[in-house]
Amino acid sequence: MAKYFQPEIETAPLETIREIQNERLINTVNRVYNNVELYRERMNAAGVKPEDIRSIDDLHKLPFTYKQDLRDTYPYGMMAVPMSEVVELHASSGTTGKQIVVGYTENDLKSWADICARQLYAVGADENDYVHVAYGYGLFTGGFGLHIGAKRIGATTIPVSSGNTPRQITILKDFGSTVLCCTPSYALYIGETLEQMGLTPDDISLKAGIFGAEPWTEGMRKDIEKKLGLKAYDIYGLTEVMGPGVAFECEEQSGMHVNEDHFIVEIIDPDTGEVLPVGEEGEIVFTCITKEAFPILRYRTRDIGVLSREKCSCGRTFIKMSKPRGRTDDMLIIRGVNVFPSQIETVLTQQGYSANYQLIVDRVNNTDTLDVRVEMSADVFSDTVRNISKKEYELKEALKSLLGLSAKVTLVEPQSIERSTGKAVRVIDKRKLHD
Amino acid sequence: MTINQLSIFIENKEGKLADLTSTLAKENIDIRAMSVADTQDFGILRLIVSDTDRAIAALKETGCIVSVTQVLAISISDTPGSLSTVLRILSDNHISVEYVYAFITRRQEGAYVVFRVADNQAAAELLTKHGVKLATKDDIDAL
């Protein structure tokens, strides 16, 4: 039996969800128009007044908000309440430019706890569980989001934060952690460390894992599930919208339910900005409809995904979004071909390689080169060069048919690709050095 | 009939072989025989060692990819033509050899030749029929 944290809304009929969205959208648009200069200017420039937005059918009339807008208004320019009402700040890592700052009121934190609590219930956790949070704590939203969600369901919350992997394992063992929350690449690393320490999943008590904050594939899911002896679930979120919990996976493990009472999701054509029908692939766009401190209208996530309204066996009625295929920011253009690291990861794991890989992109004699460095795995290894070369050739062919360009494959020793306790570094683009 | 050979993935990089052999040295494991197949980027190290199980445990702890391969080892006299005779028997019977290496020991006269073939059973029967002496795990352990 599925268990819901807030059954009345998680399983509400579509009409009810739409009514809630209509009312909350109108409220939000009025508030931001009155309180945030950037929204007022943008709407005026587009010739849209708050009264033009009468239901979610009018959403497309609103201008988009871009990451650059959040940088331009750094640090507090997008706040829709006086700073005296803001009780907590978080910030993006700033790895792709100037960092952005987001704020939360007391009510915002309550909503955030609720949506993370829904995720925890969806993976079968309740007050009897030990929730081990190995996301980084601090300005990054990963740690605190799951932390307040775990407390909200009354679970025993273990705020380990990331890093010091042998200590993570000691705590997993000694504290009896049952639910692990961290990035998927770190989960894999914890699994490998467990193995190296001569332990097996039977030595720990994990039953479920909530992994997000970076793109990952089904192959990686299987790998993590095997190494840690748990069921691995995907959680989606981004700092600009709320943090983890914007969308969450249920027992179906086939896409994530968007918390539609808090966020409206759209898929658009990234080139034209046109809204695409449900079922078509495009850029994911979010509008926050309950946030007080940092509401955001039609935020361009740069994530590419697909939505589905198909009935879910878990009973939840919220729309589902696919695992994002990748961020348009992560997309590489190699010899004019669009390449997402996650596509390459899918091929690697399908062919029995590990999900520990790195893509080295360079430019030699004015031609782009792609070197896929992947760690040798027990499944691929053989005592003869012939067998390994054959598998290497098959991998190259699979990459070629998927990407339409030939890549070099370099097999490296296990553990030789640098591990990250946060988001993994998948791409080294040396071409930038020559600019 | 067959003996254990360790097959180890090794990157073609400075110091890798030294690291690996020092892991075995620390465990006081003797290397009886070794052969390396190398490509531009990586190599496959094949070893016959004094204690297979301990060697695997020690190597796995360092994160190595290591597997055990069953190979045939024959004992032949250390005289010209003896290897050729054996290879001729195999080739006449269409058994192809994937790789081969040999080693001699101090204790015994003669040499050991290690073969990797697709079908150990068939090759073993054939060689025995022709009077070639196959080494057992015990023979190797006793070296």
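Residue numbers begin at 1 in each chain, while the letters A, B, ... track the order of the sequences.
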By a 4.5 Å heavy-atom criterion (distance strictly below it), what part of [X] contacts chain A: side chain, backbone, both, or neither?
X       : answer
B:Thr69 : side chain
B:Glu61 : both
B:Gln5  : side chain
B:Ile8  : backbone

A:Ser416 portion near chain B, given a 4.5 angstrom heavy-atom threshold: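 Contact with chain B is through the side chain of A:Ser416 alone.
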Proximal component of A:Val380, with respect to chain B [non-hydrogen, under 4.5 Å]: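 Neither part.
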A:Val385 vs B:Ile44, side-chain contact (heavy atoms from CB on, under 4.5 Å): CA-CA, chis, key distance, verdict: CA-CA 7 Å; A:Val385 173; B:Ile44 302 165; 3.8 Å; yes
Is the shortest side-chain heavy-atom distance between [X] and [Y] below 4.5 Å?
X        : Y        : result
B:Asp41  : A:Lys408 : yes
A:Asp383 : B:Tyr99  : yes
A:Glu413 : B:Lys16  : yes

Residue B:Arg88 excluded, over 12 heavy atoms near CZ under 6.0 Å: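 Not buried by this count: 12 neighbours or fewer within 6.0 Å.
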Rounded distance (nearest 0.5 Å) linking atom CG of A:Leu411 with atom CZ of B:Phe9: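 Rounded to the nearest 0.5 Å, the CG-CZ separation comes to 5.0 Å.
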Separation between SG of B:Cys64 and CE of A:Met376, rounded to the nearest 0.5 Å: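 Spacing of SG (B:Cys64) from CE (A:Met376) equals 12.0 Å.
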Heavy-atom pair with the smallest gap, counting every atom of A:Pro414 and B:Ile65: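 Answer, listing the atom of A:Pro414 first, then B:Ile65: CG-CG1, 3.2 Å.
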For B:Ser7 against A:Phe381, the heavy-atom pair lying closest together: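 Scanning both residues, the minimum pair turns out to be O-CE2, 3.3 Å.
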